[in-house]
Amino acid sequence: MSYHEGPQMTRYTPAEIEAKWQDAWDKAGVFEAKRSADKPKYYVLEMFPYPSGRIHMGHVRNYTMGDVIARHKIATGHNVLHPMGWDAFGMPAENAAMAIGGHPKEWTYSNIADMRSQMKPLGLSIDWSREFATCDPEYYGQQQALFLDMLEAGLVYRKNAVVNWDPVDMTVLANEQVENGRGWRSGALVERRELTQWFFKISDYAEDLLEALDTLDNWPAKVRLMQENWIGKSRGLQFSFERTDDGAPITVYTTRPDTLMGASFVGISPDHPIAKAMEAESDEVAAFLAECRKGGTTEEAVETAEKLGMDTGIRVKHPLNPDWELPVWIANFILMDYGTGAIFACPAHDQRDLDFCRKYDLPVIDTFMALDAPKPVEAEAFVPPKTEKVRWINHFAGLDVATGEEAINATIDKAEAEGWGEGVTKFRLRDWGLSRQRYWGCPIPVVHCDTCGVVPEKKENLPVRLPDDVSFDRPGNPLDRHPTWRSCTCPKCGGAALRETDTMDTFVDSSWYFARFTAPRAETPTVAEDAAYWMNVDQYIGGIEHAILHLLYSRFFARAMNITGHLPKSASEPFDALFTQGMVTHEIYQTRDANDRPVYHLPEDVEDGKVKATGETVEIIPSAKMSKSKKNVVDPVSIIDAFGADTARWFVLSDSPPERDVEWTASGAEAAHKHLTRVWTLCDKIAAMDPDAKGEGDQDLLREMHKTIRDVTLGLESFGFNASIAKLYAFTNILSKSKAGAAAQKEAIKVLAQLMAPMTPHLAEDIWALQGGEGLIIHAPFPVADEAMLVEATVTLPIQINGKRRGEIEVAKDLPKEEVEKLALAHEAVVRALDGAAPKKMIVVPGRIVNVVV
RNA sequence: GCCCAAGUGGCGGAAUGGUAGACGCAGGGGAUUCAAAAUCCCCCGCCUUCGGGCGUGAGAGUUCGAAUCUCUCCUUGGGCACCA
């Protein structure tokens, strides 16, 4: 450290300075959000975590991004709300109780305490006074009040729906508890079984939720597209097939009515009323339906299951030709939830129908063929885009060459004119089933009374609290078998009644927490003035895995909360801007045991490709999402202990664009730390300069400084944190080599600290203090680039020949096109390429490029 | 099976129609040091007959010009309604 003159250099000791500044922020209460009219408000929110007990690098990345935004907004004069809470209900707590004993409540609250203490050293700009957990009775009691208001508003109802049923454990299983069609604990083959369950009428809002996607300009296009596809608006034809017996007609819905002449059979869902009626009378049908009900409830399980069918013996008449009879089959791939639960199959133009027809030897009839290479369908269905023109065979509306779209419209028009069918709009979106047959969730606040039926609990009796004395030694819902909890009095007649034992889906908890943060201690779900002031969330940040369900449910809830008076109309779209960040990944280190089974090793136990303890060589598997089972995890706490929070923060932002995955590498973390040490040392060096010392290149340094301000700011405003950091690296290089005078260097290092402050707030505060900055850096106005310093007199124009770069010329910024052409033609590379001939064409894009076509 | 993304040097990535590889890691060379660590400086896509040629998962297309736009395919990741 003796390579330059000056006082004894200090060491960069993050442990000391980080604690010091966190303490200073706390004392000054800088992150406490208060309503005030003097500044614009800014609400930044990261998706709140599930309290698993340990924070992981994904959390560090997520919360650091939010923190960068929050700190930048504070520095640009905003009144910032940046809260934190816990998505605390859910299955893992019950699983832990089953596996290791204890109570979900104790497990959860102890995890929250652990995670909070791991999170605090990161120095996040969080208003901890607003913290809550969704399992706090103060929170879920308000959620129950919301539920009652929604019930009253007609947004909640009960109906039957299928669940995964474990016939051995006699319990409902979550999708993730079904492994290869078997229950995770019992190993029994899972069945689909119907239960009466509670639903939110999200389908009432299908059209609105779809249309409003267009207003979400600051959401990723891919998220909007995913939601659009999920809502799945379609226009099709609904009509009925008359039966040849005297049974009621079978109503079908199809999005491809134009293929009606290619109909092969009519298919009904195993859950269709006709199938169910037959089940009671026929052992054969009952056995077939039992077969269809094997397997889980997921769409994936249903769609990838082997296609099964059974001829019901029922025959129907083709609507266009009463002499044409079609068989009615029960088919396991038809969903009762979509359309009418019945279809007609056109195997020539639908692969699924074709597979089915080939298997069961049903006819395949072409209805149209390609214009260029017409050939009958064999093993592959012919499914061109609906916008492609095709040649129709025997089209009943007289079409010859037309697109699918045109044919669909013609068919619907014809059906409506002739009165045998109508064009209808349907949505793929189903109502939201919120019932869960589990303990650790928000109790649904209704009672079942023998005389009054289903009765809402009175609001003054909320919260309906979960009982603490429960056990998890048996499968099933402990609320069901609790000796006394269910007993209550009917709010309506005062007679003896039983409580509902279903609890709410945890997605309900996370569908309004953002609104609760605006008034977290209120005796009502929200407070009008606070909601009006803080909503909407200006920037929401979270994982892409929540692109559909969580975000769609939250959008629905915001609407429901508006009509029940808990949110203003303007908050119907609660998230003004959304950013979906990528995961943190790491290589996987694997060896094999005596039985050739894989054994995984923590990164900290591996050195130079060998297991430290045994010297075994590890196999390196490419980076994947950090997971405990693969042991490719790096504990943020140990990184903070080794390098400090600023290093961890700097690294998770530096190496990859925020929306992409970032690979954690030990060398990358060390490099980040090395860089921060370098900035620290540079600060010391500048502080030690004679304040009056003159130098050379002051203007150049300041010019670069202003360019850096411009570029870093742009990065901060557009989630280009990695780009901002690259510019900060570059400017640090320039500053450390600069021979400028003391005043310019001091200005430069202070601005550098300010630009770094959102990412490395502790280091920045320390530099600011050492360089005599006024107050806390977090309160100092963010630097603004001076436009005058950004203007360049000349510009370097690349010269291309046939689009390939072959040279460059330096020209005045506003040199006329003709002059540029002359200079380009005089360039030696151009002269050589032309070899005396005239150029075919010249493209001059002022200030950008010259392209000579020869 | 269906829906949505992503693919660029040895590695992470930059450039969103205009100089491909900014910035960082790894690597190589040098300075400093008794030596090392640390630090500092320089080099660093591939091939080359030193003219240049090739190069952004593969193949085609649009354009004066394509990593960027279009189509087909391959691979990887996310979601599929009871994981959160």
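We name chains A, B, ... by the order of the sequence lines, and we start the count at 1 in each one.
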Would rG9(B) be called syn or anti, given that syn covers angles within 90° of 0?
syn
Gap in Å between the two C1' atoms, one belonging to rG17(B) and one to rC69(B), rounded
8 Å
Counting only N and O atoms by type, is there a donor-acceptor contact under 3.5 Å from the side chain of R185(A) to the main-chain atoms of D169(A)?
no
N160(A) atom CG, over 12 foreign heavy atoms within 6.0 Å
yes
Applying a 4.0 Å non-hydrogen cut-off, can you work out what K737(A) is touching in the nucleic acid: base, sugar-phosphate, or nothing?
sugar-phosphate
Mind checking the C1' distance from rC23(B) to rC44(B)? Whole angstroms is fine.
15 Å
Given 3.5 Å as the limit, does a donor-acceptor pair link the side chain of T297(A) with the main chain of V163(A), or not?
no
Taking 4.0 angstrom as the limit, do E299(A) and R428(A) come out as a salt bridge?
yes
L225(A) side chain, from C-beta outward: closest of rC3(B), rA6(B), rA5(B):
rA5(B)
Nearest heavy atoms of W107(A) and S52(A), plus distance in Å:
CZ2-O, 4.3 Å
Can you tell me how far P of rC3(B) sits from OH of Y338(A), to the nearest Å?
13 Å
Can you give one letter per nucleotide of nucleotides 61-74 of chain B, going 5' to 3': B for a protein heavy atom under 4.0 Å from the base, S for sugar-phosphate only, - for none?
---BS---------
Over 60° means perpendicular and under 30° means parallel, so tell me whether W440(A) and F89(A) are parallel, tilted or perpendicular.
perpendicular
Quick check for you: among rG53(B), rA6(B), rA20(B), whose closest atom lies nearest to any side-chain atom of R806(A)?
rG53(B)
Could you check D509(A) against Q143(A) for side chain to side chain donor-acceptor pair (under 3.5 Å), going step by step and ending with a plain yes or no?
CA-CA 7 Å; D509(A) 312 337; Q143(A) 185 163 304; 2.7 Å; yes
Looking at T503(A), D505(A), T506(A), which hits side chain to side chain donor-acceptor pair (under 3.5 Å) with R436(A)?
D505(A)
Using the C1' atom as the reference point in each nucleotide, state the distance between rG52(B) and rG18(B) in Å, no decimals.
23 Å
Is it the case that more than 12 heavy atoms not belonging to K739(A) sit under 6.0 Å from its NZ atom?
no
In the 5'-to-3' direction, what one-character label does each nucleotide of nucleotides 22-31 of chain B receive under the scheme B = base within less than 4.0 Å of a protein heavy atom, S = sugar-phosphate only, - = no such atom?
BSSS------
Rounded to the Å, how far apart are D711(A) CG and rA15(B) P?
11 Å
Give me the distance, rounded to whole Å, that separates rG10(B) from rC74(B) when you measure between the P atoms they each carry.
26 Å
With sequence neighbours left out, write down each residue that passes salt bridge (Lys or Arg N to Asp or Glu O under 4.0 Å) with R438(A), or none if nothing qualifies.
none
Starting from the 5' end of RNA chain B, give me the residue, S654(A) or R848(A), whose nearest nucleotide shows up first.
S654(A)
Please verify the inter-ring angle class for Y139(A) with W512(A); under 30° counts as parallel, over 60° as perpendicular, anything in between as tilted.
parallel
So Y729(A) and H675(A), would you call those rings parallel, tilted or perpendicular, with 30° and 60° as cut-offs?
tilted
Presence of salt bridge, D337(A) and R430(A), under 4.0 angstrom:
yes
For the pair E704(A) and K707(A), find out whether any cationic side-chain nitrogen is under 4.0 Å from an anionic carboxylate oxygen.
yes
In whole Å, measure the gap between the P atoms of rA66(B) and rU19(B) for me.
11 Å
For residues 840-854 of chain A, the side-chain hydrogen bond (donor to acceptor under 3.5 Å, both in side chains) pairs (sequence neighbours left out) are none
Rounding to the closest angstrom, what is the interatomic distance between rU56(B) and rC42(B) at atom C1'?
28 Å
Between rU70(B) and rU62(B) - C1' atom distance, rounded Å:
7 Å
chi for rG51(B) classified (syn = within 90 degrees of 0, anti otherwise) as syn
Just by protein heavy atoms under 4.0 Å, how would nucleotides 75-84 of chain B read 5' to 3' in B, S and -?
---BSBBBSB
Describe the nucleic acid contact of R352(A) in one word from base, sugar-phosphate, nothing, applying a heavy-atom distance below 4.0 Å.
nothing
Using a 3.5 Å cut-off on both pairing distances, which stems of three or more Watson-Crick or G-U pairs include RNA chain B?
B:1-7 with B:74-80, B:10-12 with B:23-25, B:27-31 with B:39-43, B:45-47 with B:52-54, B:57-61 with B:69-73
Could you give the distance separating rG27(B) and rU33(B) at their C1' atoms, to the nearest angstrom?
23 Å
